[in-house]
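We count residues from 1, following the sequence as given. All values reported here derive from a predicted model rather than from experimental measurement. Just so you know, these numbers use all the heavy atoms, side chains as well, and skip hydrogens, waters and symmetry mates.
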Amino acid sequence: MKMKVLLVAMNAKYIHSNLAVYSLKAYAEQYGNMQHEIIIKEYTINQYVEEILADIYKEQADMVGFSCYIWNIEHIIQIIRDLKAIQEDLKIFVGGPEVSYRSSQILKMYPPIDYVLCGEGEETFKQFLDSFSGESLKRNDIHGLAYREDNEIKINPLMQPIDLSKIPFVYQNGKDFQHRILYYETSRGCPYCCSYCLSSIDKRIRFRDLRLVKEELQFFLDHNVAQVKFVDRTFNCNPAHAMEIWKYIQKNDNGSTNFHFEIAADLLTEEELELLSKMRPGLVQLEIGVQSVNKKTLEAIHRRTDIQKIEQITGKIKKYHNIHQHLDLIAGLPYENYESFQNSFNQVYGMKPDQLQLGFLKVLYGAGICEESEKYGVVHSSRPPYEVLKTRWLTYDEILALKEVESVVEIYYNSMQFTHTIEALENHFVSPFVMYQKLGAFYQKASKGGTKHSRVRRYVLLHEFIQQQLHPQGEEQKQWEELLTFDFYLRENAKSRPNFSKDLAQYKEKIRRIYTNPKLSLKLKGYEKYSTKQIEHMTHMEVIQNRYFLFDYQNRNVLTKGATVLDVTEYADIP
């Protein structure tokens, strides 16, 4: 029986892509019965459910499968219910981490779902489709399949892990993925046993053949893909594998593609560090999970890590000035109370990452922490993403306070829009955490009723916070306002000037002289074809401590996205 099979992905953002559905399609088409037509549809959780439902219905598929995660499961269930109501004969299956580890519960709770594909999906999906092709394969022979039969739920054993090199490369047409982040894997499994993570379930690490990997990396480079995110759980767990890939992308760098890797910093070798130090700025970015510096916490979640070595390694990489480092912390872990988390925050913040993600424990089905939640008094939301509400060591009030900290860390640190002001402000508080705690409470009060603040307003609020906390007067107040203004124009040539920024009217004549001075071109590169008026419009001039600074937005720092800043004071008085 020939069928039209629709694979549905519902991503968090448009720029994301769903590697899973593309991998299922490519594998089934290469190794399975080719009589079926397999179509992929990608949506986002920001679209109206009614629009997605209508679009799926119009395909008139015989079978629809959904890729399920904590961020999309509620939307998907709503669509499945309505879809089954209007197409009673439609076969519906689901797969993905949000359903794999509770297949029986899913089939009991949601009658419109006919099948659950559990665990690694490629071979299971291929055999599942083949069973509808008139072959002798029966449902009870398909490992990884859960289904109903005679009013009973049947759960077959999981499929054995497949050879990763057998999976076809899914990105055959670069045009289909323009302006999107592409996800790519060269290994599956993880050597660690972190109890909060589903990757700890599969400890059998498998690697894709490096010959194939290099061919596929070249595809990304040839098509000038903006960013490739490796989904390998601990990319550098095999140094030889990591080195081959890093050497290849460095040697064949196209000057624009960025590659993102999740690594264990304490595993990096001197050879790897030497290679990373030579990378083009922006070629590579590293995500490093610290999670906590509390030794008892790390022991409880079965996480083996060397905090001192992470600090040493990240400090060394920081000095290279060429690699974006993203460090993670998790609030709500066992034995981590409010004071302990402050310590974790301050120590990781002290490593000066380019981005510090303050996350909250998600109690995922299938993860060890789910089984141990009662033991540690972990109470979590009953709705996805099952985020922690309180623990034996952390109250809900403290969780809310940490939420305020998370919010302002995202706005005032991770955005890289307030760098110089925040760095100066830290010196006026006993610790970075205390600063963000106070700033978080202040920002929350200014955002009553869910008010969303514009970019300019966020600078104004930080100015008000400095006034409230430090009460600067005279010259000191002027310095804070100039620092804020500097940060404001560092990222954007904004036309709307903050109310705390001084009026530049008295400096207009000198600014005009600088722009018309022919010697300016000695410092300002890449503007040769533009007129003085155009250059004036494309750049910004600011007067800080009686010196003139030109903000060049054509030539930005690759890591911070900030403008190149030139001191052009010397050109103000030269005829």
Side-chain angles (χ1 to χ4, degrees), residues 7-10 12 18-21 23-24 65-77 80 92-125 127-128 139-140 142-148 152-162 185 188-206 231 233-234 301-303 330 332-334 359-376 378-388:
L7 294 177
V8 176
M10 196 174 297
N18 185 299
L19 177 59
V21 292
S23 189
L24 293 182
F66 294 84
S67 181
C68 302
Y69 299 86
I70 53 176
W71 65 80
N72 67 17
I73 186 65
E74 291 189 314
H75 295 76
I76 285 173
I77 292 300
I80 286 174
I92 294 177
F93 67 93
V94 294
E98 179 53 17
V99 296
S100 278
Y101 304 101
R102 52 176 186 139
S103 55
S104 177
Q105 182 184 359
I106 290 292
L107 290 171
K108 285 177 183 175
M109 290 173 61
Y110 308 113
I113 295 175
D114 299 293
Y115 306 97
V116 180
L117 274 57
C118 308
E120 194 169 75
E122 286 89 356
E123 183 64 25
T124 298
F125 178 62
Q127 292 186 18
F128 177 59
R139 287 181 297 181
N140 61 351
I142 304 170
H143 286 201
L145 185 66
Y147 57 97
R148 296 186 195 83
E152 288 186 22
I153 291 174
K154 306 283 186 178
I155 302 175
N156 297 340
L158 290 177
M159 186 71 69
Q160 286 298 307
I162 63 173
E185 65 179 343
R188 283 184 186 172
C190 182
Y192 295 105
C193 305
C194 306
S195 63
Y196 57 84
C197 181
L198 291 176
S199 297
S200 64
I201 296 171
D202 185 4
K203 299 175 182 62
R204 294 162 292 190
I205 307 173
R206 293 156 286 149
V231 297
R233 298 315 300 168
T234 307
I301 60 175
H302 315 298
R303 183 168 179 79
I330 297 178
L333 295 172
F360 292 81
L361 177 66
K362 275 68 170 181
V363 183
L364 304 175
Y365 289 102
I369 198 71
C370 187
E371 304 298 322
E372 298 176 316
S373 58
E374 190 173 337
K375 172 184 174 182
Y376 294 121
V378 175
V379 177
H380 63 87
S381 171
S382 59
R383 294 181 57 193
Y386 316 113
E387 197 166 270
V388 64

Side chain to side chain contact (heavy atoms under 4.5 Å, CB included) for Ile73 and Val94? Distances and angles first, verdict last. CA-CA 10 Å; Ile73 186 65; Val94 294; over 6 Å; no
Could you walk me through whether His380 and Leu361 pass the side chain to side chain contact (heavy atoms under 4.5 Å, CB included) test, one step at a time? CA-CA 9 Å; His380 63 87; Leu361 177 66; over 6 Å; no
With side chain to side chain contact (heavy atoms under 4.5 Å, CB included) as the criterion, how do Phe66 and Ile113 come out once you've worked through the C-alpha distance, each side chain's angles and the decisive distance to 0.1 Å? CA-CA 10 Å; Phe66 294 84; Ile113 295 175; over 6 Å; no
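For the atom pair CE (Met10) and NE2 (His75), the distance works out to 7.0 Å, reported to the nearest 0.5 Å. Taking SG of Cys190 as the reference point, atom CG of Leu198 lies at 11.5 Å (rounded to 0.5 Å). In this structure, Cys197 SG and Leu364 CG are separated by 8.0 Å, a value rounded to the nearest 0.5 Å. The distance from the CD1 atom of Ile369 to the NZ atom of Lys375 is 9.0 Å, given to the nearest 0.5 Å. Residue Phe93 holds its CZ atom at 5.0 Å from CG of Leu7, rounded to the nearest 0.5 Å. Between the CZ atom in Arg188 and the CD1 atom in Ile205 there is a gap of 14.0 Å [rounded to 0.5 Å].
By the side chain to side chain donor-acceptor pair (under 3.5 Å) test, Arg102 is found to be paired with Glu98, Tyr386, residues two or more places apart in sequence or in another chain being considered. For Tyr69, the ring-ring contact (aromatic ring centres under 6.0 Å, His included) partners two or more places apart in sequence, or in a different chain, are Trp71. Scored by the side chain to side chain contact (heavy atoms under 4.5 Å, CB included) test, Val231 finds Leu19, Tyr183, Glu185 as partners (sequence neighbours excluded). The side chain to side chain contact (heavy atoms under 4.5 Å, CB included) search around Glu74 returns Arg383, Pro384, not counting sequence neighbours. Every residue meeting the side chain to side chain donor-acceptor pair (under 3.5 Å) condition with Asn18, not counting sequence neighbours, appears here in chain and number order: Ser67. Taking the ring-ring contact (aromatic ring centres under 6.0 Å, His included) definition, one finds that Tyr101 meets it with nothing, sequence neighbours left out.
Across all their heavy atoms, Cys68 and Ile76 have their closest contact at SG-CD1, 4.1 Å. Nearest heavy atoms, Ile142 versus Asn156: O-ND2, 2.8 Å. Of all heavy-atom pairs spanning Thr124 and Leu117, the tightest one is CG2-CG, 3.9 Å.
A donor-acceptor pair under 3.5 Å is formed between the side chain of Ser373 and the backbone N or O of Cys370. Although no hydrogens or angles enter the test, the distance criterion places no donor-acceptor pair under 3.5 Å between the side chain of Arg206 and the main chain of Gly189. Judged purely by atom type and a 3.5 angstrom limit, Asp114 uses its side chain to pair as donor or acceptor with the backbone of Ile92. Side-chain atoms of Arg148 come within 3.5 Å of backbone N or O of Leu107 as a donor-acceptor pair.
Tyr196 pairs with exactly one of His302, Lys362, Arg303 by the side-chain hydrogen bond (donor to acceptor under 3.5 Å, both in side chains) rule, that one being Arg303.
Between Glu120 and Arg204, none of the side-chain N atoms (NZ, or NE/NH1/NH2) sits under 4.0 Å from a carboxylate O, so this pair counts as no salt bridge.
Atom CD of Gln105 has more than 12 neighbouring heavy atoms from other residues, nucleotides or ligands inside a 6.0 Å radius.
In this pair, Tyr115 and Tyr147 present their aromatic rings tilted. The plane angle is within the 30 to 60° band.
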